[in-house]
Amino acid sequence: MAQVTSGATRWTRPSSTPPGQGAAGPGLGQGLERRHLDLIALGGVIGAGLFVGSGVVVQHAGPAAIVSFLVAGVITVLMMRMLAEMAVSRPVVGSFYVYAREALGARGGFVVGWLYWYFFVIVVAVEAVAGARILAGWWPQVPVWAFGLGLLVTLTATNLVSARSYGEFEYWFSSIKVVAIVLFLAAGLLWITGLWPRSTPGLSGLWSHGGFAPHGWVAVVTAVVPCVAFYTGAEIVTIAAAESRDPRGAVEKAMRTIVLRVVTFYVGSVFVVVAVRAWNDPEIAISPYAAALRTLGIPGVSTLMNLLILTAVLSCLNSALFTASRMLFALTGFGDAPPWFAQVSRSGVPRRAIVAGTLVGWISLVAAVVSPDVVFAFLINSYGAVILFVYIAIAASQIVLRRRGQAAGEPRPAVPMWGFPWLSSVTLALLVLVVVAMGLLPQTRPQLLVSLLTLAVVLGLYELRVRRGPDPASIVAPARERT
């Protein structure tokens, strides 16, 4: 139910409030504007991994890494289209956590919500460490943990102010990333066409160093597995949209343009890298974009790339704090998290939920300094396949809810999944296949095994939650939908 307060629509709880939720009161604010959501969606898939980690994929698959990124992009696009169908039809706080609960039951929702929260609190730690190491490279006299703490405190403070504050920072972080990618693509195009000074035009670099797929097509297919992880973050807009004045319009626009973003930013930029610089150059594995820019003769490449990577790191850290807090807040709506985290500030910010993510991130940061090869390495592996489990649940939820809607005679969704039901089933099968491939590949098997342990722990927590409290399936959700 919506309540108008000072001209703004606020989320409130109905009279049938779940146990421990408290009386009806102000909920999440709506400080995010359309421009914020556009850039959150646009920059959500551009992480530091694109600028650094993509080089490992190129070294593994050769120029055919273009195909690996394209296939992974198609899988992501299909999954996001399935999510878009649900999110546009029903924009709700918690997004796919709520959909999973409706489609897969209380256990499914609990697992999806907590896995997603866990994934992003580990991302908080990973990005804080990455940013701290970049800054420590410039000021080696300052310890890494101090820089990491500084980054956590700064961006936590930003998120504590308001959703709009988060949106403004993310708007500018994402703008820098997008502009950098566009300029990189433009420079690469000029090089390929011979319009760049002292360039070597043409596309011979795609096959002149051992062929297009020098390690065979099996390597190209297996490279799809790590590529899928690069696209993580595209779904954040469906969570952020709940704090905008037009959640349906924001999600619909973002989802309709995701194909262009995926092709342009990922596939296009990797194409430029392997066209400009030999794929087997050792520098490609370290920093593919810096290697390509050195070929172009851009001065100060190292500094420029460090600044760009730092921007991407800060963007991911900022979004991870926001996303984890909103998922934790959503979990309280069904009694799946302590009601203590449901309290919001006057500006509509779940401050306790934000601080919880920061504290876990700080503990993980300490682990990265004290025990980088044991404890922190374990944490990194423990979330490696978690996001894939969530994506599988999203795909399964769409199939169940769409069939349920058809049986009930509901109208066709505003943004329907293409080729339902067969393409939805194919998408679900592809996501499962990626998880299976992780178990078959030696380099990703540890991540899958420890991630399965994480899944087992969450399932165990659900059983404890059922024994200690009322049946989660009997709890009525608070009315957090826009009416």
Measuring from [X]:[atom1] to [Y]:[atom2], what's the distance to the nearest 0.5 Å?
| X | Y | atom1 | atom2 | value |
| --- | --- | --- | --- | --- |
| Thr238 | Ile40 | OG1 | CD1 | 11.0 Å |
| Trp114 | Met327 | CH2 | CE | 11.0 Å |
| Ile387 | Phe120 | CD1 | CZ | 5.5 Å |
| Leu206 | Ile192 | CG | CD1 | 7.5 Å |
| Leu160 | Ile354 | CG | CD1 | 5.0 Å |
| Leu314 | Ile176 | CG | CD1 | 9.5 Å |

* Residues that Val450 engages under side-chain contact (heavy atoms from CB on, under 4.5 Å), provided they are two or more places apart ->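 Here the qualifying residues are Phe378, Asn381, Ser382.
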* To do: Could you tell me which residues satisfy side-chain contact (heavy atoms from CB on, under 4.5 Å) with Ile284, sequence neighbours excluded, listed by chain and number?
  =>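 Val58, Gln59, Val273, Arg277, Asp281, Pro288, Ala291.
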Is it the case that [X] and [Y] place a side-chain donor and acceptor less than 3.5 Å from each other?
| X | Y | value |
| --- | --- | --- |
| Ser315 | Lys177 | yes |
| Ser302 | Arg294 | yes |
| Ser165 | Thr158 | no |
| Ser451 | Gln447 | no |
| Tyr171 | Glu33 | no |
| Ser95 | Glu235 | no |
| Ser244 | His36 | no |

Aromatic ring proximity [X]/[Y], centre distance under 6.0 Å:
| X | Y | result |
| --- | --- | --- |
| His215 | Trp279 | yes |
| Tyr97 | Tyr116 | no |
| Phe329 | Phe341 | no |

Say whether, by atom type as modelled, one donor and one acceptor occur between the side chain of [X] and the main chain of [Y] under 3.5 angstrom.
| X | Y | answer |
| --- | --- | --- |
| Ser174 | Leu39 | yes |
| Tyr231 | Ile75 | no |
| Ser204 | Ser208 | no |
| Tyr266 | Leu50 | no |
| Ser54 | Phe51 | no |
| Ser162 | Ser347 | no |

* Above 12 or not: heavy atoms from other molecules or residues under 6.0 Å from CH2 of Trp217? ->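 Yes, CH2 of Trp217 has more than 12 neighbouring heavy atoms, counting only those of other groups under 6.0 Å.
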* Above 12 or not: heavy atoms from other molecules or residues under 6.0 Å from CZ of Phe147? ->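 More than 12 within 6.0 Å, yes.
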* side chain to side chain donor-acceptor pair (under 3.5 Å) assessment of Ser68 paired with His60 -> CA-CA 10 Å; Ser68 301; His60 180 76; over 6 Å; no
* Go through the steps for Val366 and Trp145 under the test side-chain contact (heavy atoms from CB on, under 4.5 Å), then give the verdict. => CA-CA 7 Å; Val366 171; Trp145 67 264; over 6 Å; no
* Asked: Who are the ring-ring contact (aromatic ring centres under 6.0 Å, His included) partners of Tyr383, not counting sequence neighbours?
  ->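 Counting only residues at least two positions away or on another chain, Tyr383 forms a ring-ring contact (aromatic ring centres under 6.0 Å, His included) with Phe119.
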* Looking only at heavy atoms, which two atoms of Pro247 and Ala241 are closest? And how far apart? ->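 That closest heavy-atom pairing would be CB-O, 3.2 Å.
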* Compare every heavy atom of Val276 with every heavy atom of Ala292, then report the nearest pair and how far apart it is. =>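 Residues Ala292 and Val276, closest heavy atoms: O-CG1, 3.9 Å.
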